[in-house]
Engineer: 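This is the structure, below, for whatever I ask next.
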Amino acid sequence: MRKRTYKIAALAGDGIGPEVVREALKVLSTVEDKFGFHLEVNEAPVGWSGIDETGKALPDNTLELCRASDSILFGSVGLPDRDASIPKEERPERAALLALRKEFGLFANLRPVRLPSELAHACPLKAERQGDGIDMLVVRELTGGMYFGQPKTTETLDNGENRAIDTMIYSTSEIERIAHVAFQSAQLRRKHVMSIDKANVLENGVLWRDVVTQVASGYPEVTLEHMFVDNAAMQFLLKPTQFDVVLCENMFGDILSDEAAALAGSLGMLPSASLGVTSGEKTFGFYEPAGGTAPDIAGKNLANPIAQILSAAMMLRHSFGENDAAAAIDNAVGAVIAQGLRTGDIFNSQDANARQVGTTEMGDAISEAIST
Ligand code: IPM
Ligand code: MG
């Protein structure tokens, strides 16, 4: 019988991207053997490495490869030091990352935030605020709102002053589809959705709240609450354990997901999935770690590859339905953390059990934990 085969476009990008993607591919090749499927991996440049090779942050061949693949495993793009050398529209964030989100209709961004008990020291909150552990899923709308709304421009007025315009737009159907993702995710978790808005000021907030409330009626076993975004920013710090699924529009989700990431101790631990519509059995997805390119530590074998490795696990689960293989990766990450392996970002010299390791050692240990 022919093996189950999945085509992956691996776009490592800039900064620490290549180092951490290498570890994720190592781990994927370990599960591939063990769980009996085949991954056809093709690598291509993106971001500044795309600009250096072809003049474009999203080279035509890279985009073609993505179109011909079942999912994208993405590292990170952007080197702020080089930004001034090209127009803002051509920089990797807009020309590659936002362009890929739009191109593939990746409207649902899932960012799970978990603080394992062994890493409680890395969380900036006092132990009593951490309760039994922080465990939330940020569900962020990713292709609407102020990121993409038109008009989006800077114009010069008659009096010579400049005026910048960004436009926040959401339609009912855009809110409905992301709300369904949040409620379906909650069904598999603690069955609570906190929907975030600014309904006291924004028209968008009023519509968001109405539509989410309507969608909730289809999920009677899930409890829905609403919270204003400013209060949510505060509640993340005061009582993070009250959150299970956090549902946000694009801009609020960008801000709150970084805040939530700080609670999990390190950006280096946080994976993400950005999903398009599901057709048949298949969901095209884009999988990337939440942290950026971290140019200061790039190329030094210091980066934490766990976020990238967990992103690969999310790919197996959400795009390919290879749930056992995904769970094996999640468990292996838990096992090496329990053994005390730590990259610099999560290392605590007070912890007698902790041993500092580099990027490749961490990847090796996770691979080994899977194969044994
Ligand atoms: C993120 C990032 C991006 C965003 C940037 C790099 C464009 O912050 O994925 O959260 O704002 O969406
Ligand atoms: Mg962000």
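Computation of the quantities below employed the complete heavy-atom set of this structure, encompassing side-chain atoms and omitting hydrogens, waters and symmetry-equivalent molecules. Both counts, for ligands and for their atoms, begin at 1 and track the order of listing.
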Engineer: Sequence neighbours left out, what passes side-chain hydrogen bond (donor to acceptor under 3.5 Å, both in side chains) with Ser49? Give chain and number order.
Structural biologist: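 Listed in chain order: nothing, the list is empty.
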Engineer: Do any N/O atoms on Glu288 end up under 3.5 angstrom from N/O atoms on ligand 1?
Structural biologist: no
Engineer: Looking at atom 11 (O) of ligand 1, what's its closest protein heavy atom, distance included?
Structural biologist: Tyr147 OH, 2.5 Å
Engineer: Would you call Glu221 and Lys191 a salt bridge, taking side-chain N to carboxylate O under 4.0 Å as the test?
Structural biologist: no
Engineer: Check whether Glu19 reaches the backbone of Asn301 with its side chain - one donor and one acceptor, N or O, closer than 3.5 Å.
Structural biologist: yes
Engineer: When hydrophobic residues are tied together by side-chain contacts of less than 4.5 Å, even through go-betweens, does Met315 share a cluster with Val333?
Structural biologist: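 Same hydrophobic cluster.
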Engineer: Looking only at protein heavy atoms, which one is nearest to atom 10 (O) of ligand 1, and what is the separation?
Structural biologist: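 Protein heavy atom with the smallest distance to atom 10 (O) of ligand 1: Asp254 OD1, 2.9 Å.
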Engineer: Among all protein non-hydrogen atoms, which one is nearest to atom 3 (C) of ligand 1, and what is the separation to 0.1 Å?
Structural biologist: Arg101 NH2, 4.0 Å
Engineer: I'd like to know if the side chain of Glu249 reaches the main chain of Phe252, judged simply by a donor and an acceptor atom lying under 3.5 Å from each other, with no hydrogens or angles considered.
Structural biologist: yes
Engineer: Below 4.0 Å from ligand 1: does a non-hydrogen atom of Met251 turn up there or not?
Structural biologist: no
Engineer: According to a 4.5 Å side-chain heavy-atom criterion applied to Ile, Leu, Val, Met, Phe, Trp and Tyr, with indirect links allowed, do Phe320 and Val277 form part of one hydrophobic cluster?
Structural biologist: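 Hydrophobic grouping puts Phe320 with Val277.
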Engineer: What residue and atom, counting heavy atoms only, is the protein's closest point to atom 5 (C) of ligand 1, and at what distance?
Structural biologist: Leu97 CD2, 4.3 Å
Engineer: Below 4.5 Å, heavy atoms only, C-beta onward: do Asn200 and Phe228 meet side chain to side chain?
Structural biologist: yes
Engineer: Within 45° of the six-membered ring axis of Phe236 and under 6.0 Å from that ring's centre, is NZ or CZ of Arg129 located there?
Structural biologist: no
Engineer: According to a hydrophobic-cluster definition based on side-chain heavy atoms being under 4.5 Å apart (Ile, Leu, Val, Met, Phe, Trp, Tyr only), do Leu256 and Phe107 belong together?
Structural biologist: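 Hydrophobic grouping puts Leu256 with Phe107.
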Engineer: Number of protein N/O/S atoms less than 2.8 Å from the Mg ion (ligand 2)?
Structural biologist: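 Considering protein N, O and S only, the Mg ion (ligand 2) has 1 within range.
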Engineer: Nearest protein heavy-atom contact for atom 7 (C) of ligand 1: which residue, which atom, what distance?
Structural biologist: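 It is Glu93 CB, 4.0 Å.
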Engineer: Decide yes or no on side chain to side chain contact (heavy atoms under 4.5 Å, CB included) for Ser69 and Tyr6, but give the supporting numbers first.
Structural biologist: CA-CA 8 Å; Ser69 301; Tyr6 311 106; over 6 Å; no
Engineer: For atom 1 (C) of ligand 1, what's the nearest protein heavy atom and its distance?
Structural biologist: Arg111 NH2, 3.4 Å
Engineer: Is it the side chain, the backbone, both or neither of Arg140 that has a heavy atom closer than 4.0 Å to ligand 1?
Structural biologist: side chain
